[in-house]
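Okay, structure first, notes after.
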Number of protein chains: 2
Amino acid sequence: MGDTTGTTARRRPGLTRERVLRRAVEIADQDGVTALTMRRLGDDLGVEAMSLYHHVRGKDGILDGAVEVVLDELHDAVSRAAAPPGEGGWRDAIRVRILAARTVMLRHRWAPQVMESRNVMTLSAARHVDGVVALMRAGGLSWDLVHHGLHALGSRIYGFTLELGEPEGGDDETQAMLSQIAPQIPNLVAMFMEVAHDDPDSTLGWCDDQTEFEFGLDLVLDGLERLAAKA
Amino acid sequence: MGDTTGTTARRRPGLTRERVLRRAVEIADQDGVTALTMRRLGDDLGVEAMSLYHHVRGKDGILDGAVEVVLDELHDAVSRAAAPPGEGGWRDAIRVRILAARTVMLRHRWAPQVMESRNVMTLSAARHVDGVVALMRAGGLSWDLVHHGLHALGSRIYGFTLELGEPEGGDDETQAMLSQIAPQIPNLVAMFMEVAHDDPDSTLGWCDDQTEFEFGLDLVLDGLERLAAKA
DNA sequence: AGATAAGTCTTACGCCGTAAGGCCGATCGG
DNA sequence: CCGATCGGCCTTACGGCGTAAGACTTATCT
């Protein structure tokens with residue numbers, strides 16, 4: 001009380017929560033989230049690891065903060081991409097928002113993992129979801145349908161779906177083992193052959209992430225739209 | 001060569017890969033995957049941590065193996081649940097399989113996290129997917145639609161979807177903060193109020209996982225069915 | 001009986017997150 | 001102007017992690 005100047009700071013910090021978190025995101029972007037270590041982060045900032053604790057709650061605080069940075073970035077991207085209200089249907093409006101969110105997530109490949117591994121329902125996350133909810137409501141969906149719809153979208157609402165077990169058939173060993181077990185999964189093999197045939201110039205990694213993401217997204221949005229129309 | 005008895009074992013092991021992995025799963029089930037550590041696992045088996053390395057590739061091998069155990073369990077459950085072929089549509093047949101898979105995942109809450117965090121495309125996983133592919137093909141879906149369908153299902157095919165940020169509004173602090181930011185997420189708040197009103201006896205955790213899982217699953221399966229019919 | 005080799009244990013290293021406390025220097029009350 | 005105050009940073013240390021290296025133990029085979 002009686003804080004005349006409005007600041008009680010006795011010394012100007014060389015470090016800042018912002019600076020710490022921004023560098024944390026950079027490290028995770030460049031070298032993966034496992035490289036994001038208190039000592040490494042301190043080194044990168046020209047500081048001892050323990051000094052970080054004056055600006056951040058600890059490792060968990062850094063992870064939370066890094067996600068927060070990404071979500072802010074997501075918010076910006078979504079805001080820029082959002083069409084003025086009242087143009088087109090709710091379905092396409094949501095589609096645009098989510099695809100904008102996805103462009104951010106693609107810049108921070110570690111973020112999905114981290115977000116899934118902890119309870120991320122911060123203000124920035126909630127505001128993004130809130131925006132989608134608003135569009136659904138404006139489109140005439142019932143609260144109940146909105147609720148189920150959010151669950152159906154799942155993490156897709158943030159622009160990502162964690163993918164299990166891409167083929168990854170690079171090295172000879174993998175190839176050999178694959179041909180070993182191929183008889184036990186004939187349908188999968190047939191599918192690979194067929195789809196690879198359609199798109200010859202891709203020996204591996206032949207699944208187009210963007211296409212598959214949009215396919216799944218549209219499947220869900222179409223389903224919701226149909227349920228909304230039926231009601 | 002010339003191994004007359006068929007076994008070269010010089011000494012009966014007190015440990016076994018199977019015993020190690022089974023205990024690993026039990027630890028993860030009981031105390032979470034962070035409690036699954038080499039020393040802890042060794043202790044539980046009455047053995048030093050380093051002894052485990054003669055039966056398992058290391059920590060990664062244990063994690064992979066534990067997932068493998070779960071996937072085998074999943075395979076059993078799915079096999080038992082699978083209707084004899086030719087009964088009913090492919091859609092419902094797949095639905096039954098996936099819901100059976102889900103019962104297994106609910107017994108091993110750590111498994112989704114671990115499965116997402118590494119490339120799980122082992123034989124048991126592949127066979128499960130292969131079975132779903134077979135049903136889709138029998139139902140007349142094109143290879144292309146099958147492929148997209150797998151992506152759309154995502155990890156739901158294994159019976160789980162990782163959920164982001166359940167409300168979790170237990171303690172007073174959370175409640176206070178929530179009422180603080182409520183004005184910034186009016187639509188979400190309205191939805192919570194409405195849905196909570198429909199189901200009064202649930203102050204929190206009011207999202208029925210099973211219901212939501214099935215809703216999302218049906219949304220995807222319905223979408224695929226419609227696309228298949230249109231072709 | 002001696003050799004062999006698998007199974008287990010011992011020791012040790014370099015990481016990790018962080019608790020506890022000391023030092024420095026900018027700011028403020030007098 | 002000066003000494004108290006306290007925020008910012010550093011030092012040291014602890015316990016836990018995964019695992020490399022190698023010694024010991026013991027069941028089996030020749």
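Here is how names work: the chains are called A, B, and so on, in the same order as the sequence lines, proteins then strands, and each is numbered from 1. Note that the coordinates shown come from a computational prediction; the quantities given were computed from them, not determined experimentally.
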Distance, rounded to the nearest Å, where I62(B) contributes CD1 and dT19(D) contributes C1': 12 Å
Residues forming a side-chain contact (heavy atoms from CB on, under 4.5 Å) with V78(A), sequence neighbours excluded: L74(A), R97(A), A100(A), A101(A), H128(A)
Base versus backbone protein contacts along nucleotides 9-19 of chain C [heavy-atom cut-off under 4.0 Å; B, S, -]: BBBB---BBBB
Residues forming a ring pair (Phe, Tyr, Trp, His ring centres under 6.0 Å) with H75(B), sequence neighbours excluded: none
Pairing of R95(B) and D218(B) as salt bridge, 4.0 angstrom limit: yes
Between P of dT25(D) and CG of L15(B), the distance in whole Å: 19 Å
Nearest-Å distance for atom pair CG/C1', residues L45(A) and dC10(D): 15 Å
Contacts of type ring pair (Phe, Tyr, Trp, His ring centres under 6.0 Å), residue F160(B), not counting sequence neighbours: none
Taking distance alone, no hydrogens or angles, what donor-acceptor pairs closer than 3.5 Å link side-chain atoms of residues 54-62 of chain A to residues at least two apart or in another chain?
from   : atom 1 : to      : atom 2 : distance (Å)
K59(A) : NZ     : L36(A)  : O      : 3.3
D60(A) : OD1    : R118(A) : NH2    : 3.4

Any H55(B) side-chain N or O less than 4.0 Å from OP1/OP2 of dA6(C): no
By side-chain contact (heavy atoms from CB on, under 4.5 Å) - contacts of A49(A) (at least two apart): M38(A), R39(A)
